[in-house]
Amino acid sequence: MEWIWMAFGAILLVFAALAALSFYFSCLVIHIRTHTDDAILGFEIDGGRITREEFDALPKEDVSIPSPFGYRLRAWFIPACSGETGKTVVFPHGVTSSLLGMLKYTGMFRKRGYNVLVYDHRRHGSSGGDTTTYGFYEKWDLRACVDWALHRCASSGGARGAGEPVIGIFGESMGAATALQHVSIDDRVSFYVADCPFSDLADQLSYQLKVRYKLPRFPLIPLTSLWCRLRAGFYFHQVSPIRDVARANVPILYVHGQNDVFVPTRMSVELHRATGGPKSLFLAPNSGHAESYYKNKVQYEQAVDAFLAEAMAVSERPRSAVAAASLSEDRQAVAMAAAD
């Protein structure tokens, strides 16, 4: 009988080790280290993506937007180069960054007549929030930013006589994945640009687990997902942009660097293939993760121009029933998570 107890003890040790390791990985997921504003701005300036003079000259208006989860979101509203208009693009940024990381993209829209609204995700920059959830909660914060932008466009002098306000969303990396999840809960947006998004959180984390730690998907991904549900209110399977875009009926431009080894390029290809509505795809040459624009500015802006022309040519956008079942399901999931 002694060998039975030894085997049982060994099994318990294995389970304890797996539980401890998956808890550690859940910390890396929901409490991922974020960068300071000074570090992000220095990185952008050192990389030549923005100059100090350009940054200082931006007419930034400080904005505080209430999240539906009780904290505040720091944002900057920057009018179009020609003055405030009835068109605004909202910019959700990538993980570990802040609104400062999105300033490199804003000029191409401002000179095309769009105001921009950059903001900090929950638990990033100066926004509130305790956990990072890769779009599960962030998509609702993005919806709150769209609320604010719509109200501003409708009430601004620049919108008078210009017809209905136009709202676009431009996301990078996690911000792009958040934008694609937002598709399923909000039908008021005219277009989306998703630069280097992941297609599914479990797949992205499995890829990173294999590349960085040489570990298999099972059983660590399911166990880490369970820890994230207990600690932050979401399972990994609830964060799946590729599922959400299948119901999309709004134009989406996908952009991805051909040499991206952080979020595999194939993920944007898969997202593009799965998208139900109007879609475009630009695979940027000689570009790694989040490098497509500053390494291919001319081609990037040409792709954006072609996409915007097509997106604005869409005469009617269905508004009343965008993924109603998904909306109800997600709201229930959020309510359950918030109650825990």
Side-chain angles (χ1 to χ4, degrees), residues 50 54 57-65 73-93 99 101-120 139 141-172 175-176 178-180 182-183 185-195 248-255 277-280 282 293 297 300-319 322:
I50 190 172
E54 290 171 334
L58 282 174
K60 305 176 286 290
E61 177 185 336
D62 288 323
V63 176
S64 179
I65 298 172
L73 301 168
R74 177 185 67 159
W76 289 345
F77 178 79
I78 307 171
C81 292
S82 57
E84 189 168 344
T85 71
K87 302 187 297 182
T88 296
V89 179
V90 184
F91 288 83
H93 62 78
L99 54 78
M102 299 304 286
L103 295 179
K104 58 183 174 286
Y105 299 114
T106 60
M108 77 169 120
F109 286 94
R110 292 184 66 227
K111 67 186 181 184
R112 287 167 173 79
Y114 290 86
N115 315 310
V116 302
L117 181 69
V118 291
Y119 74 99
D120 291 336
K139 66 180 178 286
D141 288 344
L142 177 52
R143 183 182 171 99
C145 291
V146 171
D147 290 340
W148 188 94
L150 278 168
H151 182 267
R152 177 62 174 254
C153 285
S155 61
S156 71
R160 293 195 186 104
E164 187 176 346
V166 173
I167 303 297
I169 294 178
F170 184 114
E172 178 188 84
T178 297
L180 298 177
H182 179 266
V183 169
I185 65 167
D186 198 343
D187 63 351
R188 301 169 297 169
V189 176
S190 297
F191 63 86
Y192 292 81
V193 179
D195 191 312
N249 54 20
V250 62
I252 303 174
L253 169 62
Y254 295 99
V255 179
K279 55 192 177 182
S280 300
F282 172 50
Y293 180 56
K297 281 191 176 182
Y300 199 117
E301 295 201 20
Q302 287 173 345
V304 168
D305 281 334
F307 169 72
L308 289 178
E310 293 180 5
M312 293 300 98
V314 177
S315 58
E316 293 184 3
R317 301 188 305 277
R319 292 178 176 272
V322 176

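Nothing here was measured: the structure is a model prediction, and the numbers come from that model.
Residues Lys111 and Glu301 are in side-chain contact: their nearest non-hydrogen atoms beyond the backbone lie under 4.5 Å apart. Side-chain contact between Ile252 and Leu180 is present, with heavy atoms from C-beta onward closer than 4.5 Å. Using a 4.5 Å heavy-atom threshold, the side chains of Leu103 and Ile78 count as touching. The side-chain heavy atoms of Phe191 and Met312, taken from C-beta on, include a pair separated by under 4.5 Å. Between Phe307 and Phe282, the closest side-chain pair of non-hydrogen atoms is not below 4.5 Å. Between Val250 and Ser190 there is no side-chain heavy-atom pair separated by less than 4.5 Å. At a threshold of 4.5 Å between non-hydrogen side-chain atoms, the residues Pro59 and Arg110 count as touching. Using a 4.5 Å heavy-atom cutoff, the side chains of Thr88 and Phe109 are not in contact.
Of the inter-residue distances, the one linking Cys145 atom SG with Leu150 atom CG reads 11.5 Å to the nearest 0.5 angstrom. Atom-to-atom distance recorded for Trp76:CH2 and Leu99:CG is 5.0 Å, nearest 0.5 angstrom. In this structure, OH on Tyr114 lies 14.5 Å from OG1 on Thr106, to the nearest 0.5 angstrom. Atom-to-atom distance recorded for Leu73:CG and Ser64:OG is 7.5 Å, nearest 0.5 angstrom. With rounding to the nearest 0.5 Å, the separation of CD in Glu84 from CZ in Phe77 is 4.0 Å.
Scanning both residues, Val146 and Arg188, for their nearest heavy atoms gives CG1-NH2, 3.7 Å. The minimum heavy-atom distance linking Asn115 with Thr85 is given by the pair ND2-O, 2.7 Å.
Checked by atom type, the side-chain pair Asp195/Tyr300 shows a donor-acceptor distance below 3.5 Å. For the 3.5 Å distance criterion, the side chains of Tyr192 and His182 qualify, holding a donor opposite an acceptor.
Ring-plane geometry between Phe170 and Tyr105 is classed as tilted, the angle between the planes lying from 30 to 60 degrees on a 0 to 90 degree scale.
Salt-bridge annotation for Asp62 and Arg74: absent, with no side-chain N of the basic residue lying under 4.0 Å from a carboxylate O of the acidic one. With respect to Glu61 and Arg152, a salt bridge is recorded, a charged nitrogen being found less than 4.0 Å from a carboxylate O. Of the charged side-chain nitrogens involved, none lies within less than 4.0 Å of a carboxylate oxygen, so that Glu164 and Lys87 do not count as a salt-bridged pair. The pair Asp305-Arg112 meets the salt-bridge criterion, with a side-chain N (NZ, NE, NH1 or NH2) lying under 4.0 Å from an Asp/Glu carboxylate O.
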task = Report the C-alpha separation of Val193 and Ile169 in whole Å, then their side-chain angles, then the decisive distance to 0.1 Å, and conclude whether the side-chain contact (heavy atoms from CB on, under 4.5 Å) test is met.
result = CA-CA 6 Å; Val193 179; Ile169 294 178; over 6 Å; no
key: Met102 vs Glu172, side-chain contact (heavy atoms from CB on, under 4.5 Å): CA-CA, chis, key distance, verdict   = CA-CA 8 Å; Met102 299 304 286; Glu172 178 188 84; 3.8 Å; yes
